[in-house]
Protein chains: 2
Amino acid sequence: MPTSRSYQDACGIARALDVVGERWALLVVRELLLGPQRFSDLRSGLPGASSNLVADRLRELAGRGVIRRRRLAPPAASWVYELTDWGRELEPIVLALGGWGLTVPLPATPTTLSATSVLLFLRGSARPDPQAPATYRLELDDQVWTVRTVAGRAHIQPGEPADADASLRTDPRTLNALLENPDLLADAISDGSAAAAGDLPALRRLLRAVTSPAA
Amino acid sequence: MPTSRSYQDACGIARALDVVGERWALLVVRELLLGPQRFSDLRSGLPGASSNLVADRLRELAGRGVIRRRRLAPPAASWVYELTDWGRELEPIVLALGGWGLTVPLPATPTTLSATSVLLFLRGSARPDPQAPATYRLELDDQVWTVRTVAGRAHIQPGEPADADASLRTDPRTLNALLENPDLLADAISDGSAAAAGDLPALRRLLRAVTSPAA
DNA sequence: CCGCATCCGTTTCGATACTG
DNA sequence: CAGTATCGAAACGGATGCGG
């Protein structure tokens, strides 16, 4: 019986940690914050976790009701994991923890950075010009995301956009660098680490929405 | 070198968990949210953690700058642990996590409940009558706390109050029950699980401030 | 007694290999 | 693609020891 060990403490903090306090659990939640993901998507977002670990956490979190396993409609016929309504209530907490974590020094050795992590940062920090709503197609490590800027906020979903003003194909680390310094876009394109198409001024506006938020 | 293992992930959430994601770490932070505590206080607040575990976590959290070890002024000449300013920034996050955790079913087997846990709940939930500020002496498992109700809020500190309107001596679990149902106070006193002194109506107002918050 | 350190059995983690 | 099986290494958890 893999009944995960409990703190046996009636305090709410301990009870929360009984559910999401195990190693990797909150990072699995993080990966699902922007929408349903398949097992292999989760694995590539959590390259440091072994496959059995990811499988264990998914089983436990599903058993606790934080996430759910769902079958995609045909012809996809694949399985995805997604947060339940209850699990989604962790979102502000996890994001606040992430804000605090930005003040933690970066690990010295080379680090990973998942697409979801960068996109959560983008969504949380971008203040796009409300006068110029736009839709973008972002392809990060072969996964496609839809980004829409509406009413001064960025909305992000996994999957293809119906219609995009501009598109960008790159990797999470490069996108992160571009969000810190949008002027690097030309360099990234010329050295092949990024490829852009469509309304490039709109794309620049998106990248600048983090460093130069609209008033 | 007990250099705790890192997620090696640049995401803020992962970096936060590198610091406070280990087992028991956030519960140590919880125990310090209301003020400095000695090693033995921490141990009695975390009865499920072995002594070496507590010592390990304290060392790690101190090394990371979340907490600090400080010598009390003579004649106490003892050591206490306390949150640094940086560690204190975890407070809203930990409290939010605790709020979510209240929706987690209680562990089946008998649970512990630390004085800090109940007092955090009291502080977070009590809406005392702003018209009747008061100071209380609370003695929980031989540790003394000062509770002051001011401006519709409860303020809590470890240690003796300078001057108390009323005092209550009990254990965390009984106090928790009394906060849920203040009418049990007479029973608790008569069966010896609580002892009260001073302005008893004021004490009843404190207990009722959680279930019947002032408008 | 307080504040740990050491020892040791058990559980979990993490890497690799493997299967439907 | 979506996991399971296996196994050594690390961490946890309980008991005990020990200096101040």
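Residue numbers begin at 1 in each chain, while the letters A, B, ... track the order of the sequences. For clarity, every value in this text was computed on a predicted model and none was experimentally measured.
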Between B:Asp9 and A:Arg30, is the closest basic N to carboxylate O distance under 4.0 Å?
-> yes

Donor-acceptor side-chain pairing of A:Glu31 and A:Ser114 below 3.5 angstrom | yes

Interatomic distance, A:Leu27 CG vs C:dG14 P [rounded to whole Å] = 11 Å

Side-chain N,O (B:Arg5) to OP1/OP2 (C:dC13) below 4.0 Å = no

Considering only NZ, NE, NH1 and NH2 on the basic side and carboxylate oxygens on the acidic side, decide whether A:Arg15 and A:Asp18 come within less than 4.0 Å.
-> no

Between the CG atom in B:Asn181 and the CG atom in B:Leu207, the distance rounded to the nearest 0.5 Å is 10.0 Å

Between B:Leu185 and B:Leu168, does a side chain to side chain contact (heavy atoms under 4.5 Å, CB included) hold up when you go through it step by step?
-> CA-CA 10 Å; B:Leu185 179 58; B:Leu168 178 68; 4.3 Å; yes

Separation of A:Asp56 atom CG from C:dT12 atom P, in whole Å?
-> 10 Å

Phosphate contact (D:dA11 OP1 or OP2) by B:Arg57 side-chain N/O below 4.0 Å | no

Whole-Å distance between D:dG13 P and B:Glu22 CD?
-> 11 Å

N or O in side chain of B:Trp24 less than 4.0 angstrom from D:dA11 OP1/OP2 | no

Going by the angle between their ring planes, with limits at 30° and 60°, are B:Tyr7 and A:Trp24 parallel, tilted or perpendicular?
-> perpendicular

What residue among A:Gln157, A:His155, A:Arg123 forms side chain to side chain contact (heavy atoms under 4.5 Å, CB included) with A:Leu34?
-> A:Arg123

Round to a whole Å and report the spacing from CZ of B:Arg70 to P of C:dG3.
-> 14 Å

Would you say a side-chain N or O of B:Tyr7 is under 4.0 Å from OP1 or OP2 of C:dG14?
-> no

Phosphate oxygens OP1/OP2 of D:dA2: is one of them under 4.0 Å from a side-chain N or O of A:Ser78?
-> yes

Between C:dA15, C:dT6, C:dC4, which nucleotide gets closest to the side-chain atoms of B:Asn52?
-> C:dT6

Whole-Å distance between C:dT12 C1' and A:Leu17 CG?
-> 17 Å

Ignoring the backbone of B:Arg23, work out which of D:dT16, D:dG13, C:dA17 is nearest its side chain.
-> D:dG13

A:Asp171 side chain to A:Thr174 side chain, donor-acceptor N/O pair below 3.5 angstrom | yes

Check for a donor-acceptor pair, side chain of B:Thr149 on one end and backbone N or O of B:Ala154 on the other, with a separation under 3.5 Å.
-> no

Tell me: CD of B:Glu60 to P of D:dA10, nearest whole Å?
-> 15 Å

C:dG14 P sits how many Å from B:Gln8 CD, rounded?
-> 11 Å

Does the side chain of A:Arg69 get closer than 4.0 angstrom to OP1 or OP2 of D:dA2 through an N or O atom?
-> no

When rounded to the nearest 0.5 angstrom, what distance separates CG in A:Leu120 from CD1 in B:Ile13?
-> 6.0 Å

Given atom CG of B:Leu58 and atom P of C:dA5, what is their separation to the nearest angstrom?
-> 11 Å

Does any residue of residues 32-50 of chain A have a heavy atom under 4.0 Å from DNA chain C, and if so, which ones, in number order?
-> A:Gly48, A:Ser50

Specify the angle, to 10°, made by the local axes at the two ends of the helix from C:dC1-D:dG20 to C:dG20-D:dC1 when five pairs are taken at each end.
-> 30°

